[in-house]
Number of protein chains: 2
Amino acid sequence: MDAASIQTVRAFNRLVGERIGALNDEFLGRRRPMGESRVLWEVGPDGVEVRTLRVRLGLDSGYMTRVLQSLQKHRLIKLEPDREDRRVRFVRLTRLGRAERQELDRRSDAVAWSFLEPLSPQQRTRLVSEMTELERLLGASLVTIAVEKPTTPDARWCIQQYFAELNARFEGGFDSARSISADSSELVAPAGALLIARLRGRPVGCGALKFHHRAPAELKRMWVVPGARGLGLGRRLLLELERLARRNGAGAVRLETNRALKEAVALYRSAGYREVKAFNDEPYAHHWFAKRLATSPPVPPPSRGIRRGR
Amino acid sequence: MDAASIQTVRAFNRLVGERIGALNDEFLGRRRPMGESRVLWEVGPDGVEVRTLRVRLGLDSGYMTRVLQSLQKHRLIKLEPDREDRRVRFVRLTRLGRAERQELDRRSDAVAWSFLEPLSPQQRTRLVSEMTELERLLGASLVTIAVEKPTTPDARWCIQQYFAELNARFEGGFDSARSISADSSELVAPAGALLIARLRGRPVGCGALKFHHRAPAELKRMWVVPGARGLGLGRRLLLELERLARRNGAGAVRLETNRALKEAVALYRSAGYREVKAFNDEPYAHHWFAKRLATSPPVPPPSRGIRRGR
DNA sequence: ACGATTCTCTGACTAGAGTCAGAGAATTGG
DNA sequence: CCAATTCTCTGACTCTAGTCAGAGAATCGT
């Protein structure tokens, strides 16, 4: 990459880092410590488990406890034991807390407005479209992919979204009961595995494998959240799944898919999958693909440049 | 402005603020406290006076002293009394300090690279071009406009640039001696005023007024640095000048300009200036404009964006 | 010349944002 | 059922990034 690009990125980092940091501190952190504001915000209107909060904000449990205690002392939140698991605590906003959160909301709006306000209408439109795209591009490098149990709420959410999308896109809809199964018990070791992709803690995609002794692993449940498409995340998931299959002794991967899922079909083809004859009787499938896995990892092909109109 | 735009800007602020903040801390702040790194960086290869450093970084003098002492203890800087004014101290990097600064430079590059690295070549190009544009657009809201004496170095620089541009653009060049004057003594109260626009400390434009008792104020020296054009800065300067004229009792503003300055002519027209007959004998002018000022401000005064003290 | 101002330095203090090592309760896995 | 693990809480620390008041030296303005 050329030096000029690096310099551009550096200049941008400096300007934007300073500007946003300063504004956030000034507007959002005035009334109370930033840590408390962040927590207050993250609790959200419906409440949340403390452990979730901790993971999302990446805070130490001791620190978190104290932040919550302080918020509670100010009557902004209520802490109650979780119904299902009495080790965990559930945080809820009080009426006062909701008001305070709304205030934070207004301030966030004001910060955003301070970016837009000095610009002409055309420039505003421009700014917004560029931020949208940049956010996508920057987000791409923050995605993490990890094995996760299919029973976690996030995993369930991904699978649900996946089913909902199939149902919307397949002609005649989709009913998971009629499809070949890949339920929770089949997607944990040693029978299989589920990968969840996350962007800043939030699930943005998934992909699963079912292992078969001395037979190709089966690829299932490939899905990427609509807002994160076009960033090569599908390909990253696919590569990660292949690595996992290889580590679990599979010499090949195979999968079936529906013709409505055009991007997926294109992805499989470009990732080296060859169309093969139907190897199962999945009623929703139109295409069956297979790929032999190299013993040593193959060089990743260049990611496709996805164009979007602005 | 619609809510969706505000939401986009907010989402962007959140992602970018966190991402850049985190990376900067991680990469640049590892070896020593961020404050020290910032100072080390700001000293630069040629050294600098402590007071300049303090103003630039906006630090308390006591704090600054301690930061410098710590850097000195680590043999990264040398402190010596200033030659001309023995109250002030002059900071210089030692050999070790220069090496450390280079290291910071490398890390900054690495941070920038970490943005580019996960992207495809097309996406990289896209990222860079969007950052460039976004930096311009965000910069616009950081511009501050204030009255300044025409004798300051920055004011002089602006006027010089203005003359140089006229000389380049007018057919047959421009010689300020042949033009109607508006020199330093005429551009300070009560005879007149000079406005300087600044972006993060650097001058990016100017505009001046000459007041005449019971007669229209004269607009002079409107200029915007080429890199900041197209951001509506000219219009902001113009509005600011009109406010100033009104505050000084002028009921109207008038000005003359050269046909080579097409953007300026367009700006005056679109800001409500009507072309009038020549009211003076400026040899370089082709157009004379005038605008009556409303008694109550017709447009809400442009805000200066929100500033923070670093 | 001399009072006001500027610049640096010192000491004393604060708040925010954590980290770390346990301890005690509840739940899970085998 | 029991051991391991998970989750929250407490107490005791740390580090960074300041702020504030005042003192002493040098310089400036008149």
Side-chain angles (χ1 to χ4, degrees), chain A residues 18 21-22 24-26 28-40 42-43 48-74 77-92 148-149 151-153 184-185 188-190, chain B residues 18 21-22 24-26 28-40 42-43 48-74 77-91 308-310:
Chain A
E18 275 180 27
N24 282 350
D25 290 356
E26 183 168 353
L28 308 179
R30 263 291 154 76
R31 287 164 169 268
R32 63 190 73 263
M34 266 306 282
E36 292 185 16
S37 290
R38 286 211 300 154
V39 169
L40 192 63
E42 203 66 34
V43 169
V48 72
E49 293 175 352
V50 169
R51 63 176 166 190
T52 314
L53 215 48
R54 261 200 3 252
V55 172
R56 280 228 275 266
L57 294 168
L59 301 180
D60 171 87
S61 60
Y63 183 38
M64 178 59 100
T65 298
R66 264 175 288 263
V67 168
L68 291 175
Q69 281 167 344
S70 166
L71 287 171
Q72 197 174 26
K73 208 171 62 193
H74 293 95
I77 58 167
K78 277 195 303 261
L79 284 166
E80 52 199 54
D82 192 276
R83 292 245 172 82
E84 292 167 9
D85 183 341
R86 292 210 309 291
R87 288 170 305 182
V88 327
R89 302 255 267 159
F90 198 87
V91 203
R92 233 178 251 293
E148 192 165 315
K149 280 185 294 186
T151 49
T152 66
S184 296
S185 63
V188 290
Chain B
E18 279 178 26
N24 281 349
D25 290 357
E26 182 168 352
L28 308 179
R30 263 290 156 75
R31 286 163 170 267
R32 63 190 73 261
M34 266 307 280
E36 292 183 17
S37 292
R38 285 212 299 154
V39 169
L40 192 63
E42 203 66 34
V43 168
V48 71
E49 292 176 354
V50 169
R51 63 176 167 189
T52 313
L53 214 48
R54 261 201 2 252
V55 172
R56 281 227 277 264
L57 294 168
L59 300 180
D60 172 87
S61 60
Y63 183 37
M64 178 57 100
T65 298
R66 265 176 286 264
V67 168
L68 291 175
Q69 281 167 346
S70 165
L71 287 171
Q72 197 176 26
K73 207 171 64 194
H74 292 95
I77 58 166
K78 276 195 304 259
L79 284 165
E80 51 198 54
D82 192 276
R83 292 244 174 83
E84 292 167 9
D85 183 341
R86 292 209 311 287
R87 288 170 305 182
V88 326
R89 302 256 266 160
F90 197 87
V91 202
R308 71 154 168 156
R310 257 200 274 183

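To find a chain, count down the sequence lines: A is the first, B the second, and so on, and within it residues start at 1.
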Table please: side-chain donor-acceptor pairs of residues 53-64 of chain A below 3.5 Å, with sequence neighbours left out.
residue, atom, partner, partner atom, Å
A/Arg56, NE, A/Glu42, OE2, 2.9
A/Asp60, OD2, A/Gly62, N, 2.7
A/Asp60, OD2, A/Tyr63, N, 3.1

Under the salt bridge (Lys or Arg N to Asp or Glu O under 4.0 Å) test, which residues partner [X], sequence neighbours left out?
X	value
B/Arg66	none
A/Arg86	none
A/Arg38	none
B/Glu18	A/Arg200, B/Arg14

My understanding is that only residues two or more places apart in sequence, or in another chain, count here; which of them pass side-chain hydrogen bond (donor to acceptor under 3.5 Å, both in side chains) with [X]?
X	result
A/Ser70	A/Glu36
B/Glu49	B/Arg51
A/Glu148	A/Thr152, A/Arg198

[X] [atom1] to [N] [atom2], straight-line distance once rounded to whole Å:
X	N	atom1	atom2	result
A/Asp82	D/dC9	CG	P	12 Å
B/Gln72	C/dT10	CD	P	10 Å
B/Arg32	D/dA17	CZ	P	12 Å
A/Leu79	D/dT10	CG	P	11 Å
A/Ile77	D/dT8	CD1	C1'	13 Å
A/Leu71	D/dT8	CG	C1'	16 Å
A/Leu28	C/dA17	CG	C1'	17 Å
B/Arg38	D/dT16	CZ	P	15 Å

Compute the bend angle of the helix from C/dA1-D/dT30 to C/dG30-D/dC1 from the end axes (five pairs per end), rounded to 10°.
-> 30°
Look for any protein N or O under 3.5 Å of an N or O in nucleotides 25-30 of chain D and output each such pair with its distance, or none.
residue, atom, partner, partner atom, Å
D/dT27, OP1, B/Arg86, N, 2.8

Check step by step if side chain to side chain contact (heavy atoms under 4.5 Å, CB included) holds for A/Val188 and A/Thr151.
-> CA-CA 10 Å; A/Val188 290; A/Thr151 49; over 6 Å; no
Does a side-chain N or O from A/Arg89 land closer than 4.0 Å to OP1 or OP2 of D/dC9, or not?
->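 Affirmative; the distance criterion is met.
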Go through the structure and list residues passing side-chain contact (heavy atoms from CB on, under 4.5 Å) with B/Glu84, not counting sequence neighbours.
-> B/Asp82
Test side chain to side chain contact (heavy atoms under 4.5 Å, CB included) applied to B/Thr52 and B/Val88, step by step = CA-CA 10 Å; B/Thr52 313; B/Val88 326; over 6 Å; no
Within residues 58-67 of chain A, residues whose heavy atoms come under 4.0 Å of DNA chain D =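 Only A/Ser61, A/Gly62, A/Thr65, A/Arg66 qualify.
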